[in-house]
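Notes follow the structure.
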Amino acid sequence: MQLVSYIFFRMMVYLFSITPFWLVYRLSDGLRFLFLKVIKYRYKVVKENLEHSFPQKSETEINSLIEKSYRNLCDILLEGIKGMSMSDNEILKRYKFVNQEVANKYYDKGQNVIGMASHYGNWEWAVQAISLQLKCITVGVVARIKNKYLDSYVQKYRTHENVMVLYPDQANKVISNWDKRPALFVYIADQSPSKSSAEKADWVNFLNQKTACLWGGDRMARRMDFPVVNMAINRVKRGYYEVRLETITDTPRNVVEGDITTAYMNKLEQQILKKPQDWLWSHKRWKLTR
C-alpha cells in the first residue's frame, strides 16, 4: 500500500508541474468543499481548537474562521505538490525573506543560529527559497513520514546545495559536532510533543490554554550558546509569501530554561491573533494535559 501511495503521489507531482497556478487554486477550492462539506476532514478538531482559542467569538465568527482555515489547509497541500516542480525564478518571485540581514550578520561573524518556525502559511516553499536567499547552510529538523518511499522522496526534494534535513533523533549529535560553515538550524516547534515525552515538555499559556511545547530548539540553543531567531511567515496574497526574521536572544546561556520556548510561542500567538485562518488548526494541538 505504501508503494501504491508513493506512485500516486509521483503522478500528482508530474501533473501539477504542468498545471498553471490559477487552476491549482480552483482545484484547492474544490478540495476545500470536499474536506469541509462532504467528508468533514478533522472538522471536530478544527472547530474545538478555534472555539477554545477564541471563546469571545460568536458562532458566526467561528464558522467563518473554519471556512478560511480549510482554504489555508487545501492551498498548502496543493502548493506543496506544485512546489516540487517550481523553478528558482518562480520561487524567488513568490517567496521572499524580507530582512535577510538578520541571519546573514551571524554568518558574517561565523556563528551558528537556531531558527524557530511554525506551521503558519506555507512552510514547504521555504526549503527552496531559503537556499537562494541566505548565506548560511540551512539544516531543518523534520519528522519522518510514515511511508518510507514518500519519506525518501520528500527528504531528497528538501535537500539542496545549501539545505539539508535531520530527523529529531539525529539532531543532537549532528548539531553538537557541527564543523561545516555557519548554519541555521530550523526547528518547526509549534506542534504537540508525543505522549511518551510529555514529561519533558515546556508548558506555556498559549491561546487561552495551558499548552505543552516541544523543547528541542530551547535546549539546543542554551547548550550550544547559539543565537535564536523567530521565522514568521506571512501570506501576502494567495500564492505569495514573505518571511520576516526577528531575534529572540543573542545570549541564550543567560536565559532561563523554557524562556526561549515561551518567547517563541508568544510571537506566534500574536501572529495568529492578527490572522487566525493561516495557522494549521487541523492538528490535535492540545491533546496533552498537564
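Any value given below was found using the heavy atoms of this structure, including those in side chains, with hydrogens, waters and symmetry copies removed.
Put simply, the side chain of D190 gets close to the backbone of H119: a donor and an acceptor are under 3.5 Å apart. Side-chain N or O atoms of S152 include none that pairs as donor or acceptor with a backbone N or O of K148 at under 3.5 Å. At least one donor-acceptor pair closer than 3.5 Å links the side chain of E61 to the backbone N or O of S58. A donor-acceptor pair is defined here as one N or O able to donate and one able to accept, closer than 3.5 Å; no such pair exists between the side chain of D151 and the backbone of N147. A donor-acceptor pair under 3.5 Å links the side-chain atoms of K96 to the main chain of L92, judged by distance alone. Side-chain atoms of S28 do not come within 3.5 Å of backbone N or O of V24 as any donor-acceptor pair. The closest donor-acceptor contact from the side chain of Q128 to the backbone of M86 lies under 3.5 Å. The backbone N or O of G258 sits less than 3.5 Å from a side-chain atom of D218, completing a donor-acceptor pair. With R144 contributing its side chain and P168 its backbone, the two residues share no donor-acceptor pair below 3.5 Å. The backbone N or O of P227 lies less than 3.5 Å from no partner atom in the side chain of D250, so there is not a single donor-acceptor pair.
L50 and I62 get closest at one heavy-atom pair: O-CD1, 3.8 Å. Taking each heavy atom of Y187 and A171 in turn, the nearest pair found is OH-CB, 4.4 Å. C213 and T261 make their closest contact through CB-CG2, 3.6 Å (heavy atoms, listed as atom of the first residue, atom of the second, distance). The minimum heavy-atom distance between V13 and S85, with the atom names listed, is O-OG, 4.5 Å. For the pair A117 and V186, the tightest heavy-atom approach, listed with the atom from each and the gap, is CB-CG1, 4.0 Å.
The closest side-chain heavy-atom distance from S87 to E90 is below 4.5 Å. Counting only heavy atoms from C-beta outward, the side chains of P252 and I260 approach each other to under 4.5 Å. In this structure the side chain of F16 never reaches within 4.5 angstrom of the side chain of L23, judged on heavy atoms. In this structure, the side chains of D75 and R235 come closer than 4.5 Å at one or more pairs of heavy atoms. Residues N172 and R223 are in side-chain contact: their nearest non-hydrogen atoms beyond the backbone lie under 4.5 Å apart. Here the side chains of Q170 and V141 are not in contact, with every heavy-atom distance at 4.5 Å or above. The shortest side-chain heavy-atom distance between V142 and L166 does not fall under the 4.5 Å cut-off. Taking 4.5 Å as the limit, every side-chain heavy atom of I272 sits out of range of all side-chain heavy atoms of E269.
In this structure, F35 and Y41 have tilted ring planes: the angle between them lies in the 30° to 60° band. Ring pair F97/Y95 is tilted by interplanar angle, where 30° to 60° counts as tilted. In this structure, F185 and F226 have parallel ring planes: the angle between them is below the 30° cut-off, well short of the 60° mark.
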Exercise. Output, in order, the C-alpha distance, side-chain angles, deciding distance and verdict of side-chain contact (heavy atoms from CB on, under 4.5 Å) for N99 and V102.
Key: CA-CA 6 Å; N99 57 340; V102 172; 3.4 Å; yes
Practice problem: Show the numbers, then the answer: is there a side chain to side chain donor-acceptor pair (under 3.5 Å) between N230 and R244? | Solution: CA-CA 8 Å; N230 182 53; R244 185 167 297 277; over 6 Å; no
Practice problem: Begin from the C-alpha positions of L184 and V229 and carry the test side-chain contact (heavy atoms from CB on, under 4.5 Å) through to its verdict. | Solution: CA-CA 9 Å; L184 171 66; V229 298; 4.2 Å; yes
Exercise. List the steps and the verdict of side chain to side chain donor-acceptor pair (under 3.5 Å) for R10 and Y6.
Key: CA-CA 6 Å; R10 289 296 301 268; Y6 166 72; 2.8 Å; yes
Quiz item: Would N49 and V46 satisfy side-chain contact (heavy atoms from CB on, under 4.5 Å), going step by step from the backbone distance to the final call?
Solution: CA-CA 5 Å; N49 282 345; V46 173; 5.9 Å; no
Practice problem: Evaluate side-chain contact (heavy atoms from CB on, under 4.5 Å) for Y149 paired with F9, printing each intermediate quantity in order. | Solution: CA-CA 10 Å; Y149 302 103; F9 184 78; over 6 Å; no
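Residues Y157 and I145 share a single hydrophobic cluster, defined by chaining ILVMFWY side chains whose heavy atoms lie under 4.5 Å apart. V236 and W125 end up in different hydrophobic clusters when Ile, Leu, Val, Met, Phe, Trp and Tyr side chains are linked at under 4.5 Å. Linking ILVMFWY residues whenever their side-chain heavy atoms come closer than 4.5 Å, directly or via other members, places Y241 and V243 in the same cluster. Residues Y43 and W279 share a single hydrophobic cluster, defined by chaining ILVMFWY side chains whose heavy atoms lie under 4.5 Å apart. Linking Ile, Leu, Val, Met, Phe, Trp and Tyr whenever their side-chain heavy atoms come within less than 4.5 Å puts L27 and F33 in one cluster.
Residues N112 and R181 bring no donor and acceptor atom of their side chains to less than 3.5 Å of each other. Side-chain atoms of T247 and Y106 form a donor-acceptor pair, as typed in the model, at a separation below 3.5 Å. Side chains of R222 and N254: a donor-acceptor N/O pair is absent below 3.5 angstrom, by distance only.
By the neighbour-count criterion of 12 heavy atoms within 6.0 Å, atom OH of Y167 is densely surrounded, having more than that number from other residues, nucleotides or ligands. Counting heavy-atom neighbours within 6.0 Å of K287 NZ, excluding the residue itself, gives a total above 12. Residue K210 places its NZ atom among 12 or fewer non-hydrogen atoms of other residues, nucleotides or ligands, all under 6.0 Å distant. Sparse packing is recorded around NZ of K146, with 12 or fewer heavy atoms of other residues, nucleotides or ligands lying under 6.0 Å away.
Here CD1 of I233 is found 8.5 Å from CH2 of W123. Values are rounded to the nearest 0.5 Å. In this structure, CE in M84 is found 12.5 Å from OG in S17, a value given to the nearest 0.5 Å. The CG atom of N89 sits 9.0 Å away from the CG atom of L132 when rounded to the nearest 0.5 Å. With rounding to the nearest 0.5 Å, the separation of CD in E59 from CD in E51 is 8.0 Å. One finds the CE atom of M116 at 14.0 Å from the CG atom of L245 (value rounded to the nearest 0.5 Å). How far NZ of K237 is from CG of N234: 13.0 Å, rounded to the nearest 0.5 Å.
Ion pairing of E124 with R158 is present here, as a side-chain N (NZ or NE/NH1/NH2) and a carboxylate O approach within less than 4.0 Å. Here R71 does not pair with D278 in a salt bridge; the nearest charged N to carboxylate O distance is not below 4.0 Å. The pair K135-D108 meets the salt-bridge criterion, since a charged nitrogen lies less than 4.0 angstrom from a carboxylate oxygen. R219 and D202 are joined by a salt bridge, as a carboxylate oxygen and a charged side-chain nitrogen come within less than 4.0 angstrom of each other. A salt bridge is defined here as a Lys NZ or Arg NE, NH1 or NH2 lying under 4.0 Å from an Asp or Glu carboxylate O, and K82 with E79 fails to meet this definition.
For the pair R94 and Y240, the cation-pi test (distance below 6.0 Å, angle within 45°) is passed. At least one cation-pi condition fails for K284 and W286: the charged atom is not both under 6.0 angstrom from the six-membered ring centre and inside a 45 degree cone around its axis. Geometrically, K267 does not engage Y264 in a cation-pi contact defined by less than 6.0 Å to the ring centre and at most 45° from the axis.
For an aromatic pair to be called close, the ring centres must be under 6.0 Å apart, and Y120 with W281 fails this.
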